[in-house]
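Worksheet for the structure shown next.
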Amino acid sequence: MECWPEPIVRVQSLSESGIDSIPEKYVKPLEARPSFKSVTSAVNIPLIDLAGLNDKNLRDVTLSQVSEACREWGFFQVVNHGVQPDLMDRAQEVWREFFHQPSEIKQAYANSPKTYEGYGSRLGVEKGAILDWSDYYYLHYLPCNLRDFNKWPSLPNDLREVIAEYSTEVVRLGGVILEILSINLGLKEGFLQNAFGGEDIGACLRVNFYPKCPQPDLTLGLSSHSDPGGMTILLPDQNVPGLQVRRDDGWVTVKPTPHAFIVNIGDQLQVLSNAIYKSVEHRVIVNSGQERVSLAYFYNPKSDLLIQPAKELLTPDKPPLYPAMTFDEYRLYIRTKGPKGKSQLGASLKPPR
């Protein structure tokens with residue numbers, strides 16, 4: 001996986017060229033198009049105020065709200081999470097500025113499928129695959145030996161400084177949420193953090209740029225998938241909805257709350273909890289009138305640790321549903337095949353080679 005199977009085309013350049021129809025390789029099959037299945041607009045994913053964790057009268061209620069959200073939705077929004085609103089705004093703005101730099105500046109950071117780090121426009125290496133209507137930037141923050149500031153854009157001038165501060169805060173929040181999830185499973189509060197590698201976790205950022213699309217009903221910004229990692233902490237575009245979460249046979253379009261993070265369960269937490277918590281399929285729709293920028297922080301297990309159902313959650317009536325596997329082995333599937341629903345959780349029962 002040293003190089004892409006076909007020449008990379010930047011979706012932003014297609015959008016800005018003024019085309020009135022999208023190239024065939026972005027047109028989804030009928031059953032995968034955004035209009036194919038019902039979209040529910042009357043409901044939203046749960047919204048949880050984490051300030052309750054510090055109030056002895058509200059703590060149990062807050063824990064219960066998170067537990068119900070993890071079991072029933074796999075997604076929830078959090079406010080009063082401790083990350084300053086102005087830092088969230090600055091993080092989003094520096095990346096928006098990056099994507100509006102001249103193409104030759106961005107192209108200096110072009111990525112390859114070997115590590116995915118850098119400026120990219122596709123997931124998966126299958127030749128002839130139908131692609132998503134988005135560009136992205138992917139970078140490593142943890143473990144420290146993978147953090148290479150030379151791979152972080154040098155323009156805008158304050159990007160590296162802002163994203164370093166933002167990363168510190170989001171990783172701190174990830175540790176808080178893992179403690180809550182551990183407690184709610186009846187485990188010691190540090191259990192999941194230790195299962196992820198303690199201080200030696202993986203943390204990486206994927207910044208998604210969804211350009212305007214002349215035919216948004218034919219394509220997706222990101223195909224339906226569950227996240228292969230541990231947990232995702234998403235800073236959505238505050239002004240333009242786009243994330244949709246699978247609910248029964250339809251989709252719920254998430255309505256972002258100002259300065260809230262969207263948290264979702266990844267496949268590794270489904271494995272560790274033996275499916276008490278479930279990762280849920282989600283996708284991103286695009287539109288013809290407005291671009292979108294979102295920041296997805298992936299809080300993952302150390303890549304070479306074996307991940308398996310917690311023994312404390314197993315009984316004769318509830319045997320392990322998944323074999324032990326490292327996260328490296330697991331994520332090879334999505335890096336090869338691209339996003340394909342929740343199929344990797346089934347396919348990973350036989351480790352991909």
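The analysis underlying the following values was restricted to heavy atoms, covering all of them including side chains, and did not include hydrogens, waters or symmetry mates.
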May I ask you to check whether Asn111 and Tyr138 show a side-chain donor-acceptor distance below 3.5 Å?
-> no
Is a side-chain donor or acceptor of Gln193 paired with a backbone partner of Gly198 at a separation under 3.5 angstrom?
-> yes
Under 30°, 30 to 60°, or over 60°: which ring-plane class applies to Tyr297 and Tyr166, parallel, tilted or perpendicular?
-> tilted
CG on Leu173 to CE on Met231, rounded to 0.5 Å | 7.0 Å
Has the side chain of Ser17 got a donor or acceptor atom that lies under 3.5 Å from a matching backbone atom of Leu14?
-> yes
Single hit among Ser226, Ser224, Ser223 for side chain to side chain donor-acceptor pair (under 3.5 Å) with Glu281 = Ser224
Less than 4.5 Å apart, any side-chain heavy atom of Leu222 and any of His282?
-> no
Does one hydrophobic cluster hold both Leu314 and Tyr277, with members joined at side-chain heavy-atom distances below 4.5 Å?
-> no
Side chains of Ile285 and Gln244 in contact at under 4.5 Å (non-hydrogen atoms) | yes
Start with the C-alpha distance between Arg172 and Glu169, add both sets of side-chain angles, then the distance that settles salt bridge (charged side-chain N to carboxylate O under 4.0 Å, His left out), and finish with yes or no.
-> CA-CA 5 Å; Arg172 176 200 57 77; Glu169 289 299 301; 3.5 Å; yes
Please confirm whether Arg10 makes a cation-pi placement over Phe209, using NZ or CZ under 6.0 Å from the six-membered ring centre and within 45° of the ring normal.
-> no
Scanning both residues in full, the closest heavy-atom pair of Pro46 with Ala69 reads CG-CB, 3.9 Å
With distance as the sole criterion, is a donor-acceptor pair present between the side chains of Ser294 and Asp237 under 3.5 Å?
-> no
Verify same cluster id: Val240, Val286 (apolar side-chain graph, 4.5 Å) = no
Should Leu192 and Leu185 count as side-chain neighbours, where that means a heavy-atom distance under 4.5 Å?
-> yes
Apply side-chain contact (heavy atoms from CB on, under 4.5 Å) to Leu235 and Ile233, showing your working.
-> CA-CA 7 Å; Leu235 175 57; Ile233 301 174; over 6 Å; no
Are Glu6 and Arg122 close enough, and set up right, to give a salt bridge (charged side-chain N to carboxylate O under 4.0 Å, His left out), and what steps lead you there?
-> CA-CA 10 Å; Glu6 295 142 336; Arg122 67 177 292 163; 2.8 Å; yes
Taking atom CD of Glu68 as the centre, report whether more than 12 heavy atoms of other residues, nucleotides or ligands fall under 6.0 Å from it.
-> no
Spell out, yes or no, whether Leu47 and Leu234 are grouped together once hydrophobic residues are joined by side-chain heavy atoms under 4.5 Å, including indirect joins.
-> no
Straight-line distance of Leu53 CG to Asn80 CG, nearest 0.5 Å | 10.0 Å
When Tyr137 is tested against each of Trp95, Phe99, Tyr116 for ring pair (Phe, Tyr, Trp, His ring centres under 6.0 Å), which residue passes?
-> Trp95
So, do Phe261 and Val83 sit near enough that their side-chain heavy atoms are less than 4.5 Å apart?
-> yes
Measure the spacing between CD1 of Ile105 and CG of Leu155 and express it to the nearest 0.5 Å.
-> 5.5 Å
Please determine, by modelled atom types, if Tyr322 and Gln270 share a side-chain donor-acceptor pair under 3.5 angstrom.
-> yes
Are any side-chain N or O atoms of Gln268 and backbone N or O atoms of Pro301, one a donor and one an acceptor, separated by less than 3.5 Å?
-> no
How far does CG of Asn54 sit from CZ of Arg59, to the nearest 0.5 angstrom?
-> 8.0 Å
Would you say the side chain of Ile48 lies within less than 4.5 Å of the side chain of Thr62, judging by non-hydrogen atoms?
-> yes
If we only count heavy atoms from C-beta on, is the Pro153 to Lys106 side-chain gap below 4.5 Å?
-> no
Would you please classify the geometry between the Tyr109 ring and the Phe98 ring as parallel, tilted or perpendicular, with 30° and 60° separating the classes?
-> perpendicular
Within 6.0 angstrom of Lys188 NZ, more than 12 heavy atoms from elsewhere = no
4.5 Å side-chain heavy-atom contact, Ile45 and Gln77 | yes
Asp328 backbone acceptor or donor facing Asp304 side chain under 3.5 Å = no
